[in-house]
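A quick note: this is a predicted structure, and the numbers were derived from the prediction, not measured. Below, chains carry the letters A, B, ... as their sequence lines are ordered, and counting in each starts from 1.
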There are 2 protein chains.
Amino acid sequence: MTIHLTPGRLVTIADVARAAGVGESTVSRVLRGHGSFSKKAGERVLEAAARLGYVPNRLAGSLAGNAASGGSGLVGIIIPSLANIVFPDLLRGLTGALDVTGFQSVIGVNDYDPEREEALVAGLLSWRPAALVLTGLEHTAATVTLLRAAGIRIVEMIDTDGPGLDIVVGFSNRAVGHASARHLIGRGYRRLAYVGHDLGRDLRAAKRLAGFEAALAESGLSLHARELVEGPSSAAAGRAALDALMARVPEVDAVYFSNDDMALGGYFCCLGHGWTVPDRVALFGCHALDITASMPQPLSTMRTPRLEIGRTCAERLTAGGPPGTVDLGFELSEGATA
Amino acid sequence: MTIHLTPGRLVTIADVARAAGVGESTVSRVLRGHGSFSKKAGERVLEAAARLGYVPNRLAGSLAGNAASGGSGLVGIIIPSLANIVFPDLLRGLTGALDVTGFQSVIGVNDYDPEREEALVAGLLSWRPAALVLTGLEHTAATVTLLRAAGIRIVEMIDTDGPGLDIVVGFSNRAVGHASARHLIGRGYRRLAYVGHDLGRDLRAAKRLAGFEAALAESGLSLHARELVEGPSSAAAGRAALDALMARVPEVDAVYFSNDDMALGGYFCCLGHGWTVPDRVALFGCHALDITASMPQPLSTMRTPRLEIGRTCAERLTAGGPPGTVDLGFELSEGATA
DNA sequence: TTGAAAGCGCTAACAT
DNA sequence: ATGTTAGCGCTTTCAA
């Protein structure tokens with residue numbers, strides 16, 4: 001049976017009600033399995049909805065349902081970048097867990113820029129999300145004001161080094177840096193250098209470096225040299241930076257990289273020069289990207305629980321528990337490069 | 001001045017109107033820069049909105065504005081995976097261009113599963129998005145029905161090998177495979193093998209292989225061997241698969257990988273065995289991931305315009321042009337491995 | 001068990 | 001230039 005509708009007009013609950021011969025509220029009850037209704041009414045509504053190809057309008061649903069309490073089925077997510085696989089990993093954990101509970105992820109990418117984050121928060125808030133997930137603990141004052149006024153759950157993910165607004169899920173980047181230094185010192189390296197990318201933007205990398213230097217200081221050491229590149233991390237940047245570093249300070253015996261991308265580039269640099277790793281120079285990364293486990297010499301790095309962070313964020317959000325910090329820790333991934 | 005509001009109640013346009021001493025519609029006009037209003041009214045509204053911390057409710061806005069014509073400021077995006085950097089790259093191009101035009105991206109990940117895509121399409125449609133962006137051309141019949149009934153713009157990205165529903169932006173995966181084979185044949189390789197991942201799920205990879213084999217056939221050749229791994233692509237899988245392949249069929253002189261992840265793993269395999277590349281065995285990938293340009297021997301691969309695809313999708317969507325296919329092509333990235 | 005009716009916050013005629 | 005009014009599609013009292 002063909003149904004004729006005004007072109008461009010989508011099927012509404014009223015259409016379904018008419019087709020099923022019941023009232024609109026009955027349709028609503030049946031479709032959401034709420035209230036009570038007769039078996040017969042249920043069948044007729046379901047049949048009519050299927051026949052007409054009814055697709056609920058959640059804009060209207062959210063508006064009517066609980067607009068005052070600010071809860072649609074959307075969850076806003078803001079990450080700094082999509083170019084570094086670390087953030088897609090977080091997203092993966094989040095969306096995977098969120099999908100199951102019927103939430104849709106609305107995402108924004110702020111390019112490591114707090115001002116951009118502020119604009120994205122304002123934009124996302126206009127969709128009255130049930131919750132907002134941010135990356136890191138540092139935000140502009142205006143962002144915090146917006147967040148507070150929104151009256152929804154806020155999760156800050158990845159970094160636990162500082163106070164959060166509501167729920168915080170991640171690990172201590174400072175502790176990662178500290179543990180990395182302890183490992184290298186324990187291996188006997190003494191002339192340690194750092195190779196990293198733009199620290200002004202990647203605050204987590206800066207915290208790792210701070211932890212690293214703190215551990216050195218505790219052992220009476222200090223950073224022997226550092227090489228920073230402009231812009232984001234990449235294998236190309238890591239390769240070029242290590243190249244420059246070793247030309248400038250050849251006595252360096254171990255290098256701590258801002259992350260695995262950079263470290264992989266560093267490893268390629270060593271291969272290109274024919275330097276033996278770790279004898280000529282030891283390499284240590286961060287994040288334990290899958291790829292670095294397949295290197296001829298697996299990279300020594302720290303495994304960070306990215307998927308689990310995403311999953312945990314989603315769980316805490318939907319569970320409705322109290323505010324607080326969840327530290328998921330990290331783990332040494334002992335490779336053959338340090 | 002502190003403003004007291006019922007706790008949990010968000011500031012509405014009515015609150016702003018009252019505070020500014022104007023009518024609701026004037027507030028609406030000012031805030032959206034539509035219609036006409038006096039300079040004075042404009043100032044008072046803006047001041048009141050800022051003071052009260054007004055955040056527009058786009059759920060209500062979309063519902064009132066043009067719910068019938070089905071256009072909110074949301075764009076739904078469905079990708080098969082977030083684990084393979086190819087898709088975050090597409091997302092990056094998309095969200096970057098979409099943000100600028102005031103659209104928010106709502107994303108779904110279907111794990112290469114058409115049934116899951118169908119569920120995601122139904123879910124996304126309930127937010128009455130202005131448009132939907134899908135990956136690839138293959139969908140379930142029910143998905144196509146939903147899409148047709150929705151009456152919104154649809155973009156299918158990445159693959160141009162087949163008819164689309166509305167707008168198609170990408171490149172010919174078949175042509176990529178074909179050109180890859182031509183390159184290897186031109187280099188003099190004759191015992192060519194394929195190393196890939198789950199072809200039943202990654203249909204684009206399957207099309208590349210089909211194009212590859214077609215080119216071989218045109219030269220009177222055929223695939224000398226193939227090694228397929230279960231599950232998704234990864235460096236680890238590429239490494240293990242090449243290892244198994246070369247043990248089984250040592251006379252192979254060139255390997256075409258399903259993508260750069262796999263090829264990088266293959267390169268690591270060669271390094272581990274001390275095989276010279278490309279003399280012992282040549283390697284060819286797909287996608288030209290940044291990382292492969294930093295290898296001691298840059299990987300020979302095909303550069304695919306992922307960011308540009310994302311950007312172009314966004315542009316076509318917002319431009320409101322006619323349906324059609326946009327082939328953005330691809331380019332040989334001549335490395336040192338083939 | 002069910003329908004009628006009143007909004008949710010906003011936009012878009014329509015008056016003025 | 002600006003206020004009033006009628007919905008957008010849905011959920012939720014409130015009666016019946």
Side-chain angles (χ1 to χ4, degrees), chain A residues 5-6 8-45 49 52 54-73 125-129 150, chain B residues 5-6 8-45 48-49 52-74 125-130 150:
Chain A
L5 290 168
T6 317
R9 199 179 142 286
L10 266 35
V11 181
T12 72
I13 232 178
D15 298 319
V16 177
R18 211 172 304 124
V22 301
E24 294 187 27
S25 41
T26 299
V27 175
S28 177
R29 288 185 197 103
V30 172
L31 259 24
R32 308 189 313 114
H34 232 66
S36 58
F37 50 86
S38 65
K39 189 167 164 238
K40 186 176 171 190
E43 284 165 3
R44 295 176 63 172
V45 167
L52 298 180
Y54 172 71
V55 176
N57 184 337
R58 295 189 69 177
L59 295 175
S62 301
L63 187 61
N66 48 359
S69 53
S72 74
L125 247 21
S126 71
W127 293 105
R128 295 296 184 266
Chain B
L5 289 168
T6 317
R9 199 179 142 285
L10 266 34
V11 180
T12 72
I13 233 179
D15 297 319
V16 177
R18 211 171 307 124
V22 299
E24 294 187 27
S25 45
T26 299
V27 175
S28 178
R29 287 183 197 107
V30 172
L31 259 24
R32 307 186 315 112
H34 232 66
S36 56
F37 50 86
S38 65
K39 191 168 160 240
K40 186 177 169 190
E43 284 164 4
R44 295 178 61 172
V45 167
L52 298 180
Y54 172 72
V55 176
N57 184 336
R58 295 190 67 175
L59 295 174
S62 301
L63 187 62
N66 48 359
S69 53
S72 73
L74 295 171
L125 247 20
S126 71
W127 293 104
R128 294 297 185 266

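To the nearest 0.5 Å, atom CG of residue A:L59 and atom CG of residue B:L74 are 7.0 Å apart. Put simply, CG on A:N57 and CD1 on A:I13 are 10.0 Å apart, with the number rounded to the nearest 0.5 Å. Note that the CZ atom of B:F37 and the OG atom of B:S28 stand 10.5 Å from one another [nearest 0.5 Å]. In this structure, the separation between OG on B:S38 and CD on B:E43 is 8.5 Å, given to the nearest 0.5 Å. For the atom pair CZ of A:R18 and CD of A:E24, the computed distance is 8.0 Å after rounding to the nearest 0.5 Å.
Closest approach to the A:A64 side chain among C:dC8, C:dC10, C:dT2 is made by C:dC8 (side chain taken as heavy atoms from C-beta onward).
Using a 4.0 Å cutoff on non-hydrogen atoms, the parts of residues 21-28 of chain A near DNA chain C are A:V22, A:G23, A:S25, A:T26, ordered by number.
The CH2-P distance, from A:W127 to C:dC10, rounds to 13 Å in whole Å. Residue B:R44 contributes atom CZ, which lies 13 Å from atom C1' of D:dT2 at whole-angstrom precision. A straight line from CG of B:L31 to C1' of C:dG9 spans 13 Å, rounded to a whole angstrom. Atom CD1 of A:I13 is separated from atom C1' of D:dT12 by 12 Å (rounded to the nearest Å). Summarising the geometry, the separation between CZ on A:R58 and P on C:dC8 is reported as 21 Å, rounded to the nearest angstrom. If you take CZ of A:R9 and C1' of D:dG7, they are 13 Å apart, rounded to a whole angstrom. As a whole-Å value, the separation of B:D15 CG from C:dG9 P is 9 Å. Distance CZ (B:R32) to P (C:dC10): 11 Å, rounded to an integer number of Å.
A:R128 contributes a side-chain N or O that, together with a main-chain N or O of B:P56, makes up a donor-acceptor pair within less than 3.5 Å. Between the B:S62 side chain and the B:R58 main chain, a donor and an acceptor come within less than 3.5 Å of each other. A:R32 contributes no side-chain N or O that, together with a main-chain N or O of A:V27, makes up a donor-acceptor pair within less than 3.5 Å.
Looking at heavy-atom distances under 4.0 Å, B:S38 makes contact with sugar-phosphate atoms alone, never a base. Base contact: A:S36 has a heavy atom under 4.0 Å from a base atom.
Under 3.5 Å, the side chain of A:R128 and the base of C:dG9 form no donor-acceptor pair of N or O atoms.
Partners of B:T12 according to the side-chain hydrogen bond (donor to acceptor under 3.5 Å, both in side chains) rule, which considers only residues two or more places apart in sequence or in another chain, are B:D15.
Where the helix from C:dT1-D:dA16 to C:dT16-D:dA1 starts and where it ends, the local axes point in directions that differ by 40°; five pairs per end, rounded to 10°.
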